[in-house]
Amino acid sequence: MTTLSLDNSLTTVIIIFRVEPEQQQELITAIKEFLNVVQTQPGFVSANLHQSTDGEKVANYAQWSDREAFEAFRANQEVQQRASKLFEFATPDSHVYEIVTSESKVGTPEINEGEYITHFAEFSMSPENQPPMVELAKEHVKPAMQQPGLISATFHRSLDGTRVINYGQWENEEAIAELTKQPGFGKKKPYWSGIAENEYHLYRVVHTVNA
């Protein structure tokens with residue numbers, strides 16, 4: 001079981017692939033095969049594979065015991081060669097993250113296969129804009145949680161300063177559509193305007209692996 005805890009006792013790695021819709025399932029199969037290798041590596045804790053409903057993305061929310069274990073995994077040439085097939089599809093957007101704020105209606109959020117519709121709201125920015133983006137996230141997450149159907153919202157900042165990701169869990173797609181109609185959350189004057197670029201996709205958790 002993967003929990004999204006503010007104590008950041010584990011190292012979080014989020015990897016997002018952009019893929020042609022006709023190749024999405026093939027990529028998912030390839031990642032599943034590679035995870036059979038990954039789960040044997042020292043320090044591996046969990047991996048959670050997400051399939052976007054529009055066919056355009058595949059995301060892996062992974063956890064490691066610490067940064068050192070993850071860097072050792074990345075430095076293992078033999079293991080990384082096993083991942084070469086994945087890069088035939090696309091170069092993934094991969095970063096190490098820490099959780100900076102989280103709100104939930106169900107206690108500490110958990111990732112479970114088939115439980116919720118999820119979204120990765122991907123904010124990209126220059127490193128000097130990450131601190132104000134984090135503060136904006138903290139300011140707006142509580143009002144967002146008033147939206148019926150939103151189960152949890154957990155914001156992560158990448159350690160390299162270039163990303164903020166909101167991992168949201170929802171009861172249904174209609175609730176998400178309603179939030180985008182609220183001031184500051186839609187395309188017209190969003191709260192991150194001038195600070196970051198944003199895109200988001202809806203996903204379903206299709207595969208989980210634990211150490």
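Counting from 1, the numbers follow the sequence of the chain as shown.
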4.5 Å side-chain heavy-atom contact, Pro42 and Phe73: no

Closest contact, heavy atoms only, Ser152 versus Leu150: O-CD1, 3.4 Å

Min side-chain heavy-atom separation Phe123-Leu136 under 4.5 Å: no

Donor + acceptor pair across side chains of Thr154, Ser102 (<3.5 Å): yes

CD (Glu22) with more than 12 external heavy atoms under 6.0 Å: yes

Neighbour count >12 (heavy atoms, 6.0 Å) for atom CD, Glu197: no

Pairs involving residues 5-59, ordered by first then second residue, that meet ring-ring contact (aromatic ring centres under 6.0 Å, His included) (sequence neighbours left out): Phe44-Trp64, His50-Phe120, His50-Tyr167

Side chains of Glu199 and Lys57 in contact at under 4.5 Å (non-hydrogen atoms): yes

Enumerate, atom names and distances included, each donor-acceptor pair closer than 3.5 Å involving a side-chain atom of residues 202-209, sequence neighbours excluded.
none

Shortest non-hydrogen contact from Ala196 toward Met133: CB-SD, 4.1 Å

Gln24 vs Gln51, side-chain hydrogen bond (donor to acceptor under 3.5 Å, both in side chains): CA-CA, chis, key distance, verdict: CA-CA 8 Å; Gln24 187 190 49; Gln51 178 179 7; 2.9 Å; yes

Qualifying residue, where the test is side-chain contact (heavy atoms from CB on, under 4.5 Å) with His201 and the options are Asp54, Ile16, Val58: Asp54

From CA spacing to verdict: side-chain hydrogen bond (donor to acceptor under 3.5 Å, both in side chains), Thr3, Thr108: CA-CA 7 Å; Thr3 59; Thr108 302; over 6 Å; no

Student check: side-chain heavy atoms of Ser158 and Gln130 closer than 4.5 Å: yes

Salt-bridge contact Glu122-Arg163 (side-chain N to carboxylate O under 4.0 Å): no

Value rounded to 0.5 Å, distance of CZ in Arg74 from CD in Gln80: 8.5 Å

Please tabulate, one pair per line, all N/O donor-acceptor pairs under 3.5 Å involving side-chain atoms of residues 7-15, not counting sequence neighbours.
{"from": "Asp7", "atom 1": "OD1", "to": "Ser5", "atom 2": "OG", "distance (Å)": "3.0"}
{"from": "Asp7", "atom 1": "OD1", "to": "Ser9", "atom 2": "N", "distance (Å)": "3.0"}
{"from": "Asp7", "atom 1": "OD1", "to": "Ser9", "atom 2": "OG", "distance (Å)": "3.2"}
{"from": "Asp7", "atom 1": "OD2", "to": "Ser5", "atom 2": "OG", "distance (Å)": "3.4"}
{"from": "Asn8", "atom 1": "OD1", "to": "Ile99", "atom 2": "N", "distance (Å)": "2.8"}
{"from": "Asn8", "atom 1": "ND2", "to": "Leu6", "atom 2": "O", "distance (Å)": "3.3"}
{"from": "Asn8", "atom 1": "ND2", "to": "Ile99", "atom 2": "O", "distance (Å)": "3.0"}
{"from": "Thr11", "atom 1": "OG1", "to": "Arg67", "atom 2": "N", "distance (Å)": "3.0"}

Ring geometry between Tyr97 and His95 (parallel below 30°, tilted from 30 to 60°, perpendicular above 60°): perpendicular

Lys32/Asn36 under side chain to side chain contact (heavy atoms under 4.5 Å, CB included): CA gap, chis, key distance, verdict: CA-CA 7 Å; Lys32 286 181 177 180; Asn36 291 331; over 6 Å; no

Side chain to side chain contact (heavy atoms under 4.5 Å, CB included) between Leu159 and Glu98, worked out: CA-CA 7 Å; Leu159 301 190; Glu98 67 176 6; 4.0 Å; yes

Closest non-hydrogen atom pair between Gly43 and Ala69, with its separation: CA-CB, 3.8 Å

Pairing of Lys85 and Glu88 as salt bridge, 4.0 angstrom limit: no

Steps toward side chain to side chain contact (heavy atoms under 4.5 Å, CB included) verdict (Trp192, His140): CA-CA 10 Å; Trp192 56 88; His140 286 82; over 6 Å; no

Intermediate values then yes/no, side chain to side chain contact (heavy atoms under 4.5 Å, CB included), Val38 and Arg82: CA-CA 10 Å; Val38 177; Arg82 302 283 294 273; over 6 Å; no

